[in-house]
Number of protein chains: 2
Amino acid sequence: MVAEQLDAPDPETLVGEAKAAFRDGAMLTVQARCEVEYEGRTSGHLGPGDRILVAKPDGTFLVHQPTGHKPVNWMPGGGTVSARTSDGDVVLLARRTNPTERVEARILEAYGVTRFDATDGATYEESGTEAEMHEYIEANPGVLEEGLRIVEHERESKYGFIDFFARDEAGTPVVVEVKRIQATLNHFDQLQRYVSLYEETNDEVRGILVAPSASERVKRALRDNDLEFVGLSEFETDAKGATEAKLTDF
Amino acid sequence: MVAEQLDAPDPETLVGEAKAAFRDGAMLTVQARCEVEYEGRTSGHLGPGDRILVAKPDGTFLVHQPTGHKPVNWMPGGGTVSARTSDGDVVLLARRTNPTERVEARILEAYGVTRFDATDGATYEESGTEAEMHEYIEANPGVLEEGLRIVEHERESKYGFIDFFARDEAGTPVVVEVKRIQATLNHFDQLQRYVSLYEETNDEVRGILVAPSASERVKRALRDNDLEFVGLSEFETDAKGATEAKLTDF
DNA sequence: GGTTGCATGTCGCAC
DNA sequence: GTGCGACGTGCAACC
């Protein structure tokens, strides 16, 4: 049996089920009224309410309220989750070190529990990432500027990585920072840092921020610092496929 | 009944249960073997495998693999989740606009489903945030430097917000950037941006980055740019309470 | 609704 | 392990 469900388990049953799931590497889901404590990088408390608790075999622990994308409390993988009874309640405790932190959920009433012996060998395949945008620019530097030549990709400098180091038609060095999304002030900062560094040891250098768009404030910051913005909203690693996908997407 | 569980529901039953849950504002959890497609800011595909699916009444939709803190696919709240059958399979579709995107989970086999009529009025109370660190500094500017006076908190400037604008004992203006965690190059960037701006119109200005710690690279970047680092690892809004919490912790 | 910056960010990759 | 930057970042505050 892949999944086993128990309705309104009593504390002893729930602890037994949880311990067995943790031992066997199964995923555990609990619907319950509970209180939650977090102690670690910050500390916090969540009073009684109905939530879904999820424990994964890698030590991940999630507390989900009825609304919101993010779990209200959580523990990333790498640690351990344990179950015990305390004052008649079931307590699920997730902890890890580095940093040292803990999430403790006191279950006041369990409405349901599911043990799920999940096997999942698939990995998520994604396209449209910044890495692909880099590939596109490397293959088509002319979309940024006529005559631009890419000299180096992911060049390491004293203060960090430059996305592209290039030269324009006149041979002037160009530092290029690429963003997949609308450019922010932090992205301007990054470019400025790289350019400033280069200017310490070299006479002339241009800096270009490449992104689909940028706010006026970012554009002004660039302008005021003699940096440039290039809007690059469309890029295709496989133009035909991407277009077709759009046409059929309703 | 707060939670209702069905074991290995057939497609029609699952769709009915899902539709009822969405209609009634209940949370839905499904343990299933499924495939997932995402189309939106990027696009991606996840082949068949066992996952936990969670749909919330606010339109949140989560796909959790057996490992990892983050859902492999998701939809933040604000959109809608719907259920239908397609080629004999149940398909859960979550979509929203701004940005326009969709997650579609094709359920190849459902092992269990839980409908959860959750009520949760509690809100999470947290302490130890950067906001509290700001309060502490504002009340105790001397911990940064003897004689420092805070002039303004959250001062807006042309390029962004300065955490603190202050003056030292000699009256020299000081721009202060505060980080709750170990300082990174991006945090150095931020401070540098504010200081550079101020230098355009003023003669002398100091810049201080306040954080519990900083990497050597960050410290060097600060030094090279005549900026300063102040380590501030401990801060207490209520020293007694925090100390006691530590002593009794675990 | 757009912009800005925090976050218990998490995650992956390089050193 | 630490450092650094991307992320379908999400999220709230402020305008």
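Letters A, B, ... mirror the listed sequences (proteins, then strands); counts begin at 1. Scope of the values below: all heavy atoms of this structure, side chains included, with no hydrogens, waters or symmetry mates.
With pairs defined as Watson-Crick or G-U wobble and both atom distances under 3.5 Å, the stems of at least three pairs that touch DNA chain D come out as C:1-7 with D:9-15, C:9-15 with D:1-7.
Across all strands, B:Glu154 comes closer than 4.0 Å to no nucleic acid atom at all (heavy-atom distances). As judged by a 4.0 angstrom heavy-atom cut-off over every strand, B:Ser215 is placed among residues touching the sugar-phosphate backbone only. Looking at heavy-atom distances under 4.0 Å, B:Arg193 makes contact with sugar-phosphate atoms alone, never a base. Within the nucleic acid shown, A:Phe188 has no heavy atom closer than 4.0 Å to any nucleic acid atom. The residue B:Gln182 sits close only to the backbone: its heavy atoms come under 4.0 Å of sugar-phosphate atoms, none of a base.
The side chain of B:Phe161 sits closest to C:dG5 out of C:dG5, C:dT10, D:dG10. Listed candidates were D:dA6, D:dC7, D:dC4. Nearest to the side chain of B:Arg217 is D:dC4. Each of C:dG5, C:dT8, D:dA6 was ranked by its minimum atom distance to the side chain of A:Tyr38; first place goes to C:dT8. The B:Glu130 side chain lies nearest to C:dC6 when the options are C:dG2, C:dC6, D:dG5. Of the candidate nucleotides C:dT3, D:dC4, C:dT10, C:dT10 has the atom lying nearest to any side-chain atom of A:Arg96. Listed nucleotides: C:dT10, C:dT3, D:dC4. Nearest to the side chain of A:Arg41: C:dT10. Nearest to the side-chain atoms of B:Tyr194 among the listed nucleotides C:dG5, C:dC6, C:dT8 stands C:dG5.
A distance of about 15 Å separates the C1' atoms of D:dA6 and D:dG10, rounded to the whole Å. Across C:dT8 and D:dC4, the matching P atoms stand 22 Å from one another, rounded to whole Å.
Partners of B:Arg84 under the salt bridge (Lys or Arg N to Asp or Glu O under 4.0 Å) rule, at least two apart in sequence or in another chain, do not exist in this structure. With sequence neighbours excluded, the residues satisfying salt bridge (Lys or Arg N to Asp or Glu O under 4.0 Å) with A:Lys179 are A:Glu177. Residues that satisfy the side chain to side chain contact (heavy atoms under 4.5 Å, CB included) test with A:Thr42, not counting sequence neighbours, are A:Tyr38, B:Glu126, B:Arg180. When the salt bridge (Lys or Arg N to Asp or Glu O under 4.0 Å) test is applied to A:Arg223, no partner is found at least two apart in sequence or on another chain. Legend: residues meeting salt bridge (Lys or Arg N to Asp or Glu O under 4.0 Å) with B:Arg206, ordered by chain and number and at least two apart, are B:Glu145, B:Asp168, B:Glu228. A:Ser82 meets the side-chain hydrogen bond (donor to acceptor under 3.5 Å, both in side chains) test with no other residue; sequence neighbours excluded.
By the 30° and 60° cut-offs, the orientation of the rings of B:Phe164 relative to B:His153 is parallel.
For B:His187 and D:dG3, the NE2 to P distance is 13 Å, given to the nearest whole Å. When rounded to the nearest whole Å, the span between CD of A:Glu125 and P of D:dG8 equals 14 Å. With rounding to whole Å, A:Glu101 atom CD is found 15 Å from C:dA7 atom P.
A close approach under 4.0 Å does not occur between any side-chain nitrogen or oxygen of A:Asn186 and OP1 or OP2 of D:dA6. Phosphate contact (OP1/OP2 of C:dG12, side-chain N/O of A:Tyr124, threshold under 4.0 Å): absent. Of the side-chain N and O atoms in B:Gln190, none sit less than 4.0 angstrom from OP1 or OP2 of C:dT4.
Projected onto DNA chain C by closest heavy-atom contact, A:Ala183 and B:Thr129 fall at different nucleotides, the more 5' of which corresponds to A:Ala183. In this structure, A:Ala214 and B:Ala131 both approach DNA chain C, and ranking their closest nucleotides by distance from the 5' end singles out A:Ala214.
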Taking distance alone, no hydrogens or angles, what donor-acceptor pairs closer than 3.5 Å link side-chain atoms of residues 62-70 of chain A to residues at least two apart or in another chain?
| residue | atom | partner | partner atom | Å |
| --- | --- | --- | --- | --- |
| A:His64 | ND1 | B:Lys56 | NZ | 2.9 |
| A:Gln65 | NE2 | B:Asp120 | OD2 | 2.9 |
| A:Gln65 | NE2 | B:Ala122 | O | 3.2 |

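Counted by atom type alone, B:Glu37 and B:His45 present one or more donor-acceptor pairs between their side chains at under 3.5 Å.
Rounding to the nearest 0.5 angstrom, the gap separating the CZ atom in B:Arg96 from the CZ atom in B:Phe61 is 14.5 Å.
Within residues 52-80 of chain A, the residues approaching DNA chain D are A:His69, A:Lys70, by heavy-atom distance under 4.0 Å.
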